[in-house]
Amino acid sequence: MDNQINPFQFWKQIYDYAEQNYSETIQKNMQEEAFASWIGACQQWYLFCQDMQNKSLEQFFQLTKLAGKEDLAQVSSLVIQLEEKVEALDEKIDDELLAELRLIRETLKQIKGTA
């Protein structure tokens with residue numbers, strides 16, 4: 001059973017070899033101005049692609065009449081407002097119902113008292 005190859009050990013050996021042989025070269029390249037400008041260009045390209053994707057999706061949602069992020073946010077806001085109104089009405093009904101029950105109780109006490 002000692003003859004089995006451990007793939008993780010193999011990958012660790014590859015990693016250790018690459019780290020020993022390439023880390024110094026990579027470190028030197030990362031400190032150069034060209035590397036920094038290349039990273040900056042990559043970042044600008046990424047942001048450009050992300051912006052284009054967002055605009056494309058927004059246009060897609062408008063053309064297909066599917067709900068977008070803004071539409072869902074607006075519906076969520078309306079639902080929250082509706083919940084607040086329902087809670088206010090519920091409290092108002094409870095208060096009015098309690099007042100009516102108190103009035104009925106007082107009326108019954110008065111009727112019992114006179115009978």
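Note that CG of Leu82 and CD of Glu84 are 9.5 Å apart. Values are rounded to the nearest 0.5 Å. To the nearest 0.5 Å, atom CG of residue Asp94 and atom CG of residue Leu89 are 11.0 Å apart. In this structure, the separation between CD on Glu91 and CD1 on Ile93 is 11.0 Å, given to the nearest 0.5 Å. Atoms NZ and CG, on Lys69 and Asn54 in that order, are 7.0 Å from each other to the nearest 0.5 Å. Rounded to the nearest 0.5 angstrom, Asp71 CG and Gln62 CD are separated by 8.5 Å. One finds the NZ atom of Lys85 at 13.5 Å from the NZ atom of Lys92 (value rounded to the nearest 0.5 Å).
Residues Leu108 and Arg105 fail the side-chain proximity criterion, which asks for heavy atoms closer than 4.5 Å. You'll find the side chain of Gln9 reaches within 4.5 Å of the side chain of Gln13, heavy atoms only. Side-chain contact check for Ser23 versus Gln27: every heavy-atom pair is 4.5 Å or farther apart.
With hydrophobic clusters built from ILVMFWY side chains whose heavy atoms lie under 4.5 angstrom apart, Val79 does not share a cluster with Val86. Following chains of ILVMFWY side-chain contacts shorter than 4.5 Å, one cannot reach Tyr46 starting from Met52, and the two form parts of different hydrophobic clusters. No path of Ile, Leu, Val, Met, Phe, Trp and Tyr side chains, each step under 4.5 Å between heavy atoms, connects Val75 with Phe61, placing them in separate hydrophobic clusters.
Around the CD atom of Glu19, the shell of radius 6.0 Å holds more than 12 heavy atoms that belong to other residues, nucleotides or ligands. A 6.0 Å sphere centred on CZ of Phe35 holds more than 12 heavy atoms belonging to other residues, nucleotides or ligands. No more than 12 heavy atoms of other residues, nucleotides or ligands sit less than 6.0 Å from atom CD of Gln59.
What you find for Phe60 and Leu66 is that their closest heavy atoms are CE2-CD1, 3.9 Å.
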Pair Ser77, Gln81 - check side chain to side chain contact (heavy atoms under 4.5 Å, CB included), show working. CA-CA 6 Å; Ser77 174; Gln81 290 175 9; 3.7 Å; yes

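Cluster partners of Phe10, by chain and number: Trp11, Ile14. The rule joins Ile, Leu, Val, Met, Phe, Trp and Tyr whenever side-chain heavy atoms lie under 4.5 Å apart. Hydrophobic cluster membership for Tyr15: none, as no Ile, Leu, Val, Met, Phe, Trp or Tyr side chain comes under 4.5 Å of it.
Electrostatic pairing of Arg102 and Glu106 does not count as a salt bridge here, judged by no charged N lying under 4.0 Å from a carboxylate O.
In terms of modelled atom types and a separation under 3.5 Å, the side chain of Thr114 and the main chain of Gln110 share a donor-acceptor contact.
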